[in-house]
Every structure is written in C-alpha cells, then in structure tokens.
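Encoded as structure tokens, the structure appears first; notes follow it.
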Amino acid sequence: MFRNARTRLILITVLISALSTALVLGVLYISANQIIERETRRVVNAEIIGLSEEYSRAGVLGLAGAIERREQRLPDRAAVYLLTDNFGNKIAGNLGAWPPTVEAGGGWIEIDLIRTDTGRSVPIAAASLRLPGGERLLVGRDATGQTRFDRALWDAALLAAGAALVLSLVSGWLLTRLVFSRVGEVADTARTIVSGDLTRRIPLRGTDDEFDQLAGTLNNMLGRIEMLVTSLRTATDSLAHDLRSPLTRLGEHLHQLEDGTLPEDARAAAAQRAEAEVTHILRILTDMTEISRAEAGIGRAEFDQVEIDELLRDAHDLYHPVAEDAGIALTVSGTASPITGHRALLSQVLSNLIENSLRFAPEGSEIALQVTDTDKHVSITVEDQGPGVPEADLRRIAEPFVTGDQSRTAAHSGLGLALASAVAGMHDGALTLENRLNGPGLRATVTLSRDG
Amino acid sequence: MSRRLLIVEDDADTQSFVANGFTQAGFTVQTADDGRDGLFLGTSGDFDCLILDRMLPGLDGLAVVRSLRAAGVETPALMLTALSAVDERVKGLRAGADDYLVKPFSFEELHARVEALLRRPQEREETTELTIKDLTMDLSRRKVRRSGREISLTPREFQILEFFMRRPNRVISRTMLLEGVWDYHFDPQTNIVDVHISKLRRQIDGDDDTTLIETVRGAGYMMSDGS
C-alpha cells in the first residue's frame, strides 16, 4: 500500500498536520504552565515575607495567630501552613506534622499530601524557612489547578488532533485527486501513444495553470516527435524504394561480368556501369545522412560567421569553367554582411543548386547567382533558364527522392533540393522554388535567418 | 629505410586490404584491432604515420587521436570514416587528425594521402621558387614560366599549380584538390576538378605534346619532376 504514491502523499499530509498540531499544543502547554507556576510561587513568596514580618514584630505567638487567621480566611484548605519549634513539634498550622522528606530552608518543593477530609492525595507546591529563633515554617499552595489545566489541555489536544486528522485526510485526498487525475490523463495518453497512435495528445482544460502548461509543452514535443517519425518513415520508405532500382541494375551488371561468353569490351562496359551504380548508391546514402542530420539540427554546434557573398564567389570560381564548357554563362552579383551559419553545409547547398541548374540549362543560357541582404535575412538565389518545373510539382520537388525529370544521372541522388530545404530549415529559413517570370526557368531561393 | 605504419582497424577485411597494399608499397606495417591497442602502440612513437578507423570497439578513433595528441605524440594521423557527413569530417580534424578519408575509398587515394602526410614537414620550408622540369614558379612575384616563356594564370589557376608543384611525384586526388584549393569538404556531383585541370593544362602545356600534369587512373593527378 505504501508503494502507492497517492497513499504516501496523504500519509505525509497527515503526518505534517499531526506534527504541527502537537507543536502548537506543546508550546502552549509549556508557556501556560510557566505562568501558573510563577503565579503560585509569587503568592507563596508573598505569604512567607508577610509571615516573617509578623514573626519579627510579634514573635512566635504573633506568627501562630497570623497563621490561624489566614487558615480561616481560606476555608477550602487550598493553602497549607505549618509552624514547628526547633525540634519539629507543631505550634500552629493545618498540616499534621513536618514532612520527613522536607528540609527547612531548602527552597521550593513539590510534595503530595493526603487531605484528612477527603482522604485524597493532593499535590502541593511549597516553600520552607528556618526562622531566627530556630522555628520552622512551611507555606504551600494546592497545585491541583495546574493538574486540572494539564488535563483540560490534554483533552483539547486529543480533540484538535482528531479534527486535524480528519481535515488533513480530506485535504490530502482532494490534493492528490487534483494532481493524480491530471497525471492519469498524461499516463493514459502516453499508453495510447506507446501502443502506436502517435496522433494522440494530452487534453487541455483551458485553465492555463501549470498542468495545462506542462500538457501544452508535452503536446508540442509529441507533435515534433510525430513529425520526425513521419518524415523518417517516409524517408526510409523512399530510400528503400530508391535503392531498389540501382541495386537491381548493379545485379544485372555483375551478372554480365560473370557471363564468360560476352566479349571483353562488353564486360569492361558492364564493370564501368556497375561502378557508376555503386557511386550513385553511396551518393544517395551520404545525402540522406546529411539531410536527416540537418533536419535534426545536428551541426548547429559548428555554426560560425559565414560571408555568403564570398561563398557565392567561391562557388562561381569553382563552377564557371564547367558552365563555360557547356556554353552556359555563370554570373554572380550582390553583397551581404556575414551571418551565423554552417559554412560547409551552405557551400554544399549552393553547389547542389548550381549543379541542379547546370543539368537542365540549355546551351547559350545563363545561370545567375545572387545574394540579397535584408534586415533579418540573407537570401541566396540561383536562377536558370532551363525548362522550369510545372507549377503542380514546385512544392513536391524539394521532398526527398523526387526529381523534376525521371532521367537521373548516376551521380545525381535526387536529394539536392531536399538537402537545400533541410539546411535552410536549420538556419531558421526556407527554400522557395518558383518559375522565372520572364520566360522559362527555375528560380531557387534559400532564405537564411541572420541570427542562425 | 623502411617507413613504419600503424593501422588501427577492427574490420578484418579492410585491415588486410590496407595492410597488404602498404606492405607491397614498401612500408613496414603493424596492425591493431581496437582503440586501446592502437593507443598503446601509437604512444610508443615508433611510427611514421597512423591510419585509424573512426569507429572502433573500446576507444573510438577520435578518442585515440585526442589522447595521443594530449600525450604529445605528433605522429601524422589519417582517419578513416564511414560517416560521410560534413560535420563528422570536420570533427576528426578538430580532434587532431591530420587528414581523413571517407569509406569506401580506393587504395590509391589512401596511399596518396599517406604519402602527403609523410612529406608534410617539407612544405613548411620557406621557398620563393618552385621548379618542375622546365616549369618554374616565382612565388614572391607570382609569375610562372615554362622554358623561359611567361604564362599568365588567374589567381586560382596559380593556386592549383602551386598545390601540385609543392607536392612533386605525388598523386593528388580530386578530393584533395577540392579540400586544399577550395576548402570544399564534400564531393560535388560534376567533374568540376577535371575541367579546372584541363584548363590549367591548356595554359601551361601550350602546343607541347607532353603534359606536365599527368592523369593517374582511378586516383587523380600527378606532376613528376622526372627524378
């Protein structure tokens, strides 16, 4: 039963309230007792002083007379007096004999005396004194009042403890019900999700309290997880699908290599094609890894100051001879101040976009690289004069494994635009694809947030 | 004087493929199957070069290199990695590796890179002029002459040529050029390097029949000084 968190919580509540009740009553008891005791002592002391004065003024007889008068004033025998001579023989007072345990002049004592009228034992707080003539004086007060107070306080304590117990049980139950019903909702949702339904979310109560905020945060997390799992599933599915074709072709090439009847040059060609397929497969795997890492935000630790315009000029420098050979003019323009970003990935993205354009651009056309700098963003634009992309496909082609045309070259994985999109996302930006306004052509814009 | 090489690789096939290749190339090869043995052997400092796999049982390649560098062992190290992500490549270099190579790789590429690491100290020499055959490069005045004829090059062409001339008789792969000249740490999908090389060849060879920058099949390019 104690393993149950709810029982444990209620028990803790009860324990704490019991302890605090006990503490309050204890402090009350001690301080009230001190007041009563102080009062008793004050009265007894005053009597002793009064009686001593009487002794000095009127001697033993005067003192005995004063004692008798006082006795009569307190008929309920709440006060105790005893005056004896040097040898302990009683001279006056309402006490039978000097108690054997009491030494005269020994200060404060607590004694239990039997009352002759009721036969009951009564606690007495007393002080004693040896008078100058050798006589002994004992003055005491009934301390029953204190005992009665003790008993009343004990009764009150029991009552208070009972009430506190009931109250704390109720409050503990209410408190835990509040907490555990919300915890239960979270646990229920988690169980449904574990059993496979990733779309489930924790219900919100609209109270905007800490529980709602927690549920909201968890829901956001669940949304992100669902998104990642879905994209991972899609990626794995398409990866499996996309690897099937080159692997099948690779199998065919290898089969040809084994065929001894084929002429030497046909086998050499098959070997070359097999190698190309392997390159293609490796390319797909590399790009896929890069994309999933960028989507997961891995690599943010490598962010650094990147001069995008310099990146563009480097890419231009690297690619313009290839473009020139293909009869394409590669141009570069624009300036931008540095941003925080992943240099290596950004240059790979730029290179992917340029290669994508080079694949489709016709001879005699132009590919324009441009950087634009606004307050919050730096944008990289790669615009070609190729055939462009049908409007219906514009959104789709940046998804992994979709290319505008179906004739893929061996070295081209079909993941270039997907990587550009993932890397832009990593920089809190986006990849936008649109057709050129004046004539056919694709215009790819990677917007990067200045803060990285 | 045989050059000593330590290969730390847990995959038996890769290990014997690399070890056999280097033994045939005249190296004295020692192997280790895991990071701990690799670190132990590597600390001895008896090697001219280390080849380490990135993923190793016990202690991974990054940790081995980091520990070796912390212990003051400066033996050049090349990291082999199946993780081709750009990040991972950079991480290896940061840990103290001198070079990396992504699996799968050709032996020629690995050999070229190891040779490059072994000759690295020579690069630090202060030279003002480089010569290969009848081609001379004046580094301070940034002028190139072939048989006395001045050749005008763009700054980038000059940079590529300098990269070759500082590494005579050594195979330079396309990836090495991309890293060394353009600081590109990934493999582009087009033959951009080949185009740059052929442009450079047209510049320095002129009408000459013999090209100074030879193509090494399956590996890259090389400039030999004929010695």
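Residue numbers begin at 1 in each chain, while the letters A, B, ... track the order of the sequences.
Residues B/N191 and A/V322 approach most closely at OD1-CG1, 4.4 Å, considering heavy atoms.
Counting only distance, with no hydrogens or angles, the side chain of B/H196 and the backbone of A/P321 share no donor-acceptor pair below 3.5 Å.
Within residues 149-158 of chain B, the residues approaching chain A closer than 4.5 Å by heavy atoms are, in numerical order, B/R156.
Annotation: salt bridge (charged side-chain N to carboxylate O under 4.0 Å, His left out) contacts of B/D53 (sequence neighbours excluded): B/K103. Under the side-chain contact (heavy atoms from CB on, under 4.5 Å) criterion, A/L433 pairs with A/L394, A/I397, A/A398, A/L417, A/L431, A/L442, A/A444, sequence neighbours left out.
Residue-environment remark: CD (B/Q159) exceeds the threshold of 12 foreign heavy atoms within 6.0 Å.
Using a 4.5 Å heavy-atom threshold, the side chains of A/D317 and B/W182 count as touching.
Using a 4.5 Å cut-off between heavy atoms, B/D194 makes no contact with chain A at all. Heavy atoms closer than 4.5 Å to chain B are found nowhere in A/A294, neither backbone nor side chain.
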Exercise for the section: Take A/L318 and B/V193 through the test side chain to side chain contact (heavy atoms under 4.5 Å, CB included) and record every step on the way to the result. Expected result: CA-CA 8 Å; A/L318 186 60; B/V193 175; 5.6 Å; no
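Among residues at least two apart or in separate chains, side-chain hydrogen bond (donor to acceptor under 3.5 Å, both in side chains) pairs with a member in residues 304-316 of chain A are A/Q305-A/T340.
Distance check: A/S351 OG to B/Y184 OH gives 5.5 Å after rounding to the nearest 0.5 Å.
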